Amino acid sequence: MSATKDSAASQGQKRKREEKDVTNNKKAQSDKPSASIYKNLQLAEKPVYKNLQIAEALKTQSKSKKQRLDKSNKAEKPKFKNLQIAESQKSVSKETQDDKVHRDESQKLGTGINRPHNLPAARQSKLLQVRQSLPIWPQAANIRNALLENHVLILAGETGSAVTQPRRVAAVSLARRVAEEMGTPLGKSPQALVGYNVRFDDNVGKNNRIKFLTEGMLLQEMLRDPALTEYSCVVVDEVHERSVNVDLLLGFLRGLVTGTSEAAKKRKGRPLKVVVMSATADTEKLKDFFSEGFGQPRIEDNIPTVDDSAPTVDGKEASVEVSQKPSVSSSNKISTCFVEGRMYSVQTEYLSEPTRDFSEAALLQIFQIHRKEPMPGDILVFLTGGDVITNLQQAIEDMIPNVITKDSGLPKLIVLPLYAALSQAQQQAIFSPAPPNTRKVILATNIAETSITVPGVRFVIDSGKAKIKQFRNRLGLDSLLVKDISKSSAIQPRGVHDVMDFPLLTRPSREAMERALLQLLQLDALNPEDGNISDLGRKIARLPLTPAHGRTIIAAADPEMGCLLPVIDIVACFNSENIFVEVKDQDANDEAREARNKLSRRQGDHLTLLSAVQAYASERTDRKQWAKQHLVSHRSMQNVMDVRKQLRAQCQQAKLLTKEQLATADDDDDLNTISESTGNNILKCFLRGFPTNVARLVPDGSYRTIHGHMAVAIHPSSVLYGRKLEAILYNEFVYTNRTYARSVSAIQMNWLEEIYAAPA
DNA sequence: GAGCACTGC
């Protein structure tokens, strides 16, 4: 796909970054003696870790956060929720080795897949040894037979039993691992049997037999090939993590595998196997979900029936352990398999009384652990935010001289904060080993939940609380919307009907669906007559963006607007982390502030972002230095440039952008080239994509949204903070103590009429 | 004058 044909240089950079992440993982694995598992007892009954690597090294407290939260939700009395101290105690796992199964496996694996041939024998035997020790190993024959006999396999696993994750790094590292196991190169080489495809990194070769990709990538592929004709089997892992992408994917896969969707016809009878891997708790729900599909009438009668001559294990049913009696409709079509995990006993201590001030309780616990517990053993404390962390750090450091006196004979204590706003270097500090006779105390937000592994931690103090961004369903509803919703309800036939009936594991409320449909109607992504997706909607869908940003891009490509390239730059910023580094009082000198201020544009944040991107792009000598001088995040900017390149390529593919325009694009990367009228056009395009994100000044000096008349204030991070303007357009709402509009620009009310007068 | 984090195309 040309969209991903980035320059070699950029690819290389990106890959380096990926590899760095992977290295971190590996590092954690090799830290076997110090790495530990944090689970409280209740959790030990539920699967937590699903990863090949776990078998080798028990890893990461990071992922367990979610589980700990699950647990705290279930706690009966809130008074036990406040403080949990989990000390890890690794117990010896029960290894089940079955030589017969093993021989059997080795023979069967040999069919169709190349055996490792270019690996040293020692490495080969080590890999095999590791494989055999995996809890899933004894189940291999069952799993294979279940797949031969059924269309769908639901694989539930406990700790350390199965494979992938829905994240880019996971897709890449797993592909690498599986390629190694198979003894073949990874990616595009002709010998490579394993490849991967994640955003900005397409490493798939013609001869690949197995491809690891993110869910979003597969959905993107399905836009081109809804029947997934290139594949005979799709494995969806980590389903319990439940993203919208997973739900959509399962819905499409159900349609294909049951023959109930139109797309299934295009497989022309070629069988598709679906393996869904999830935590145990979801098994029944998943089974019901697929059973329901098999119970429905097929559109395509050509779906292959299950091969009755397929071999079975000793003639018994292949499903094992937790398999339920299959319902009549799904007999021989769905099987479930449960892979036993390994248990680790973990000690959980609760605070005997509820505590008001978690920081205070944590402070006491930290010193108690420090006094009582032997070295080594670092402490990890989960807290809600950066400010809380700073305060607690101060409190600990104040207390150190009182507790750790010369006479006490206690080891030293160092405090290391970890939250997103810290620089990369500060974040890395937690990985460096503590000096001799020193215990590390890491104070972290849930940044550590998914992406960071801290070796050496043996104690976790967790409040059981976390701030989680929540979509507020009710807000944004207003009289105008209600009116339009009845309009959308009136167009029930065909398209809309299909959407409403699309099989989803968890169905959104009808209200939410209708609101979403209304938004798509407003963006001209649906035909108002029949509710089907419009040509414009198709174009929007192919862009890796929200519909609103996609619509903005399409509007900008209109020759009358003629501002596609600058709009892409701004949209790229909205799809990256904040490019402007937080200005702390001391660490910013006047020079840097001034340099940053020069990037500001009086029209608002959209054009300010644009000027920053263009200035960065036109810097040809040392961009890192430029970023530092302008208080701009180099890391975020690199991501912006990646997204920008991808969007440009996709716009070219969609014929929104010509080669010639693209060729001259880089020459235009210069400050002050945006004229007043171009600036206005840019904002009008955003207005097209965000028609309801408009607020106007009311007589009391505040802003109110034009839809719903909700009070909003300009966020303090905006260049327009404190300004009184006729009307503002904003990229998003932020709900905190007040309702803020973030990323704000000044607009004129008459632009609204102009836009709505224009034909769709 | 605000301020949780992470993931994905």
Side-chain angles (χ1 to χ4, degrees), chain A residues 1 3-4 21 60 62-63 65-66 69 164-172 197-202 212-224 238 241-249 358 382-391 417-422 427 443-453 463 465-470 540-547 549-550 553 571-572 574-578 580-585 639 642-647 649-650 653 713-723 734-744:
Chain A
M1 199 161 121
T4 50
D21 289 340
T60 85
S62 62
K63 206 181 157 187
K65 187 72 182 289
K66 199 171 281 169
L69 290 175
T164 64
Q165 291 198 20
R167 281 168 275 277
R168 303 173 68 225
V169 174
V172 176
N197 188 8
V198 297
R199 190 177 197 178
F200 305 127
D201 197 354
D202 177 5
F212 287 83
L213 35 58
T214 47
E215 294 132 11
M217 267 297 178
L218 193 58
L219 284 173
Q220 204 70 24
E221 269 191 56
M222 291 185 96
L223 284 175
R224 282 184 276 113
E238 305 281 23
E241 289 195 14
R242 296 298 299 282
S243 63
V244 173
N245 279 353
V246 164
D247 276 23
L248 285 174
L249 196 54
F358 175 71
F382 281 109
L383 295 155
T384 48
D387 49 348
V388 180
I389 288 175
T390 315
N391 291 338
L418 175 67
Y419 50 95
L422 291 175
Q427 293 187 12
L443 309 180
T445 61
N446 48 2
I447 184 177
E449 179 180 334
T450 47
S451 63
I452 293 178
T453 295
S463 63
K465 286 178 187 162
K467 292 185 184 175
I468 289 165
K469 202 175 187 174
Q470 246 184 355
I540 291 172
R542 281 173 192 273
L543 294 168
L545 297 169
T546 60
H549 279 135
I553 295 259
V571 168
F574 287 142
N575 283 275
S576 300
E577 279 169 52
N578 196 353
F580 293 116
V581 174
E582 201 179 325
V583 189
K584 281 265 166 66
D585 297 47
N639 191 46
D642 270 340
V643 176
R644 167 169 115 146
K645 187 181 290 180
Q646 186 187 13
L647 291 178
Q650 267 159 352
Q653 213 177 19
I714 297 176
H715 195 275
S717 65
S718 171
V719 297
L720 295 184
Y721 177 71
R723 298 274 307 278
V734 189
Y735 304 101
T736 53
N737 297 325
R738 298 174 71 183
T739 311
Y740 287 104
R742 197 151 63 181
S743 297
V744 182

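This is a predicted model, so every value here is computed, not measured. Numbers restart at 1 for each chain; the letters A, B, ... are given by sequence-line order, proteins then strands.
One can place CZ of A:F574 at 21 Å from P of B:dG8, the figure rounded to the nearest angstrom. Taking atom NE2 of A:H715 as the reference point, atom P of B:dA2 lies 9 Å away to the nearest angstrom. Across the protein-nucleic acid pair, A:R644 atom CZ and B:dC9 atom P stand 20 Å apart, rounded to whole Å. If you measure from atom CG of A:N639 to atom P of B:dG8, you get 10 Å, rounded to the nearest angstrom. As a whole-Å value, the separation of A:I540 CD1 from B:dC9 C1' is 15 Å. Rounded to an integer number of Å, the gap from OH of A:Y735 to P of B:dG3 is 14 Å. When rounded to the nearest whole Å, the span between CD of A:E577 and C1' of B:dT7 equals 11 Å. In this structure, the CD atom of A:E215 is 9 Å from the C1' atom of B:dT7, given to the nearest Å.
Closest of all the heavy-atom pairs between A:V744 and A:I714 is CG2-CG2, 4.1 Å. Smallest separation of non-hydrogen atoms from A:N575 and A:N639: O-ND2, 4.0 Å.
Checking B:dC9, B:dG1, B:dA2 against every side-chain atom of A:P544, the shortest atom distance belongs to B:dC9.
Using a 4.0 Å cut-off, some side-chain N or O of A:T214 falls inside it from OP1 or OP2 of B:dC9.
Rounding to the nearest 0.5 Å gives a distance of 10.5 Å between CZ of A:F574 and CZ of A:R742.
Note on A:L219: nothing from the nucleic acid sits closer than 4.0 angstrom, heavy atoms only.
No side-chain donor-acceptor contact under 3.5 Å links A:Q653 and A:R542.
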